[in-house]
Every structure is written in C-alpha cells, then in structure tokens.
Amino acid sequence: MIVDERLTDYLHSLEREQSPILGQIKKEAIESYVPIIRTETGSLLRTLIQMNRPKKVLEVGAAIGYSALLMSEVLPEDGTITTIENYEKRIPIARENFKRAKKEGVITLLEGDATEILKQLEGPYDFIFMDAAKGQYIHFLPDILRLLPKGGVLVSDNVLQDGEILESRYGVTRRNRTIHSRMREYLYQLKHMEEFETSVLPLGDGVTISVRL
Ligand SMILES: C[S@@+](CC[C@H](N)C(=O)[O-])C[C@H]1O[C@@H](n2cnc3c(N)ncnc32)[C@H](O)[C@@H]1O
C-alpha cells in the first residue's frame, strides 16, 4: 500500500455506487483472485476518459474484462475499445462478461500475446491503457509510440509495485529483480523521452499518465 490505508478507505467511501453489472463482475473477480484495477484507479480512468473523449481505446491486459467495461460506460457514443489477453482461462470469461453487459459491439477482445498482437495493430488509438505483465511494458513501448498519435494518452498501471520500486536492486527479492529494473527503466524512459510529457501518480499501485507530444 503506497497511500495510508485510512486515507484510501476514506477515498473509497466517497465513491458513487457502480452499475450493477460492474459491481457483480468486480465481486466475481475478487472471489476468484483475478487481479483488477483498484477502486481509485478505476475512478481516475473514468475521469480521464471523460476528459479526453477518445474514439478508439486500446487496453493491454483484459483479464476478465472489468476495466474495459468500466471504461466503456463513459466512452463517447461512437467510441470503441480493443483489449488484449493471453491467459486462456480468462478469455472466455471476458467474452461472457462483455455479452452480459451488452457491450460485444463496443469491446473487441484480441486473444494472444500482446508482444505479437501490438506489432500487427495499425491504430491510431487515442487512449491506451497498459495493464499487463509489468516486466514487459518497456518492450511494448516502441509499438505504443507507433500506435499513439500526438495528443493521445497512455495510462500505465502498477508502476510503483507497492512501493518496492524505491528499493535498491539488492533490496528486492531475487525473483523480482528483473521486473524491478525493467519498471525503473520504463519510468525513466517515460519521464525523459521527448515524445512524452509524463506524470507519475502514487495512486493505487502507482499510475503514470503520459501525453504524446
Ligand atoms: C492486472 S490484469 C488486467 C486487469 C484488467 N485490466 C482489469 O483491471 O480488469 C493483467 C492481465 O494481463 C494479462 N497479460 C499479461 N501479459 C500479457 C501479454 N504479454 N499479452 C496479453 N496479455 C497479457 C494477464 O494474463 C492478466 O490477465
């Protein structure tokens, strides 16, 4: 937890109730240990979508479709979402959830490894939400740059790794070292590339908001 727990609880208490279908899918995700965006990250995403009014959204990491559905609720009428997932067990659940929410016409699920799929996409996408394997973000960056037009927004989740990002290489367990160093490299790139203006927010598990210049 990056932010004080009591403060987080208070912020959650301010949230408006979700639509019944979204509330139900969130409950199911929690019960089956599927990782989904945190409440405050969902609120940020909704606000950013309302601000930017994107017509084409791309999500990397659908899981069972919770965040795609959350974004679809605030999308402009003619907006669409393309989301990518490679975990076979989650793909049919995501499809079923899009059907339950009557969003099959709005959300397209692409099955497979984002490393391959991103290369085949043509774009442009005016809003990209990155929420897949943390160690891969840095490898996705060249395709993200190609797919995001000027003025487009990239939001990346879980960038502060519950605060572990602060630790030195030797302060993290051996099995987390690669992800730790790749995420540090990703953050450095986003902050220093001339193609982006980026803000790193200690919200949820850490989120970056980058605008393509
Ligand atoms: C944190 S979950 C996504 C949660 C979802 N965005 C939500 O909030 O409802 C990350 C998902 O990314 C998927 N994933 C990880 N690496 C991937 C890759 N290279 N290609 C496609 N999917 C990937 C995982 O299988 C997992 O379901």
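Start at 1 and go down the list; that is how both ligands and their atoms are numbered. Quick note: residue numbers are just sequence positions, from 1.
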Run the numbers for me: atoms of ligand 1, each under 4.0 Å from some heavy atom of [X], listed by number.
{"X": "Tyr87", "result": "25 (O)"}
{"X": "Tyr66", "result": "9 (O)"}
{"X": "Gly112", "result": "20 (N), 21 (C)"}
{"X": "Glu59", "result": "6 (N)"}
{"X": "Ile37", "result": "7 (C), 8 (O)"}
{"X": "Arg90", "result": "25 (O), 26 (C), 27 (O)"}
{"X": "Asp113", "result": "18 (C), 19 (N), 20 (N)"}

(Q) Using every non-hydrogen atom in the two residues, find where Thr198 and Leu190 come nearest and quote the distance to one decimal. (A)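 Shortest heavy-atom contact: OG1-O, 3.1 Å.
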Q: Establish, for the pair Lys56 and Tyr125, whether the NZ or CZ atom is under 6.0 angstrom from the six-membered ring centre and no further than 45 degrees off its axis.
A: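 Output yes; distance and angle both within limits.
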Among all protein heavy atoms, pick out the one at the shortest distance from [atom]; state its residue, atom name and that distance to 0.1 Å.
{"atom": "atom 7 (C) of ligand 1", "answer": "Ser67 OG, 3.0 Å"}
{"atom": "atom 19 (N) of ligand 1", "answer": "Gln136 OE1, 2.7 Å"}
{"atom": "atom 12 (O) of ligand 1", "answer": "Gly61 CA, 3.4 Å"}
{"atom": "atom 16 (N) of ligand 1", "answer": "Ala133 N, 3.3 Å"}
{"atom": "atom 2 (S) of ligand 1", "answer": "Pro35 O, 3.5 Å"}
{"atom": "atom 10 (C) of ligand 1", "answer": "Asp131 O, 3.0 Å"}
{"atom": "atom 20 (N) of ligand 1", "answer": "Ala114 N, 2.8 Å"}
{"atom": "atom 18 (C) of ligand 1", "answer": "Asn86 ND2, 3.5 Å"}

Q) Nearest heavy atom to atom 25 (O) of ligand 1: which of Glu111, Lys134, Glu85, His139 does it belong to? A)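 Result: the heavy atom closest to atom 25 (O) of ligand 1 is in Glu85.
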[X] and [Y] ion-paired at < 4.0 Å:
{"X": "Arg100", "Y": "Glu28", "value": "yes"}
{"X": "Lys55", "Y": "Asp78", "value": "yes"}
{"X": "Arg95", "Y": "Glu111", "value": "yes"}
{"X": "Asp9", "Y": "Arg6", "value": "no"}

(Q) Regarding Thr39 and Lys26, do their side chains bring together a donor and an acceptor under 3.5 Å, going by distance alone? (A)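 Yes, side-chain donor-acceptor contact under 3.5 Å.
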(Q) Is it the case that the side chains of Tyr137 and Ser156 hold a donor-acceptor pair, with the cut-off being a distance below 3.5 Å and no angle test? (A)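 No pair is found: no donor N or O on one side chain lies under 3.5 Å from an acceptor on the other.
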(Q) Taking side-chain contact (heavy atoms from CB on, under 4.5 Å) as the criterion, tell me which of Leu154, Val155, Val159 meets it with Thr208. (A)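 Running side-chain contact (heavy atoms from CB on, under 4.5 Å) over Leu154, Val155, Val159 with Thr208 returns exactly one hit, Val159.
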**Q.** Sequence neighbours excluded - ring-ring contact (aromatic ring centres under 6.0 Å, His included) pairs with any residue from residues 7-45
**A.**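 Pairs touching residues 7-45 that pass the test: none.
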(Q) At under 4.0 Å between heavy atoms, is it the side chain or the backbone of Ala29 that contacts ligand 1, or both, or neither? (A)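 No part of Ala29 comes within reach of ligand 1.
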Q) Would one find more than 12 heavy atoms of other residues, nucleotides or ligands at under 6.0 Å from atom CD of Glu17? A)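 Atom CD in Glu17 is not packed in, count stays at 12 or less.
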(Q) Using heavy atoms and a 4.0 Å limit, tell me yes or no: is Gly42 in contact with ligand 1? (A)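 Distance cut 4.0 Å: Gly42 fails for ligand 1.
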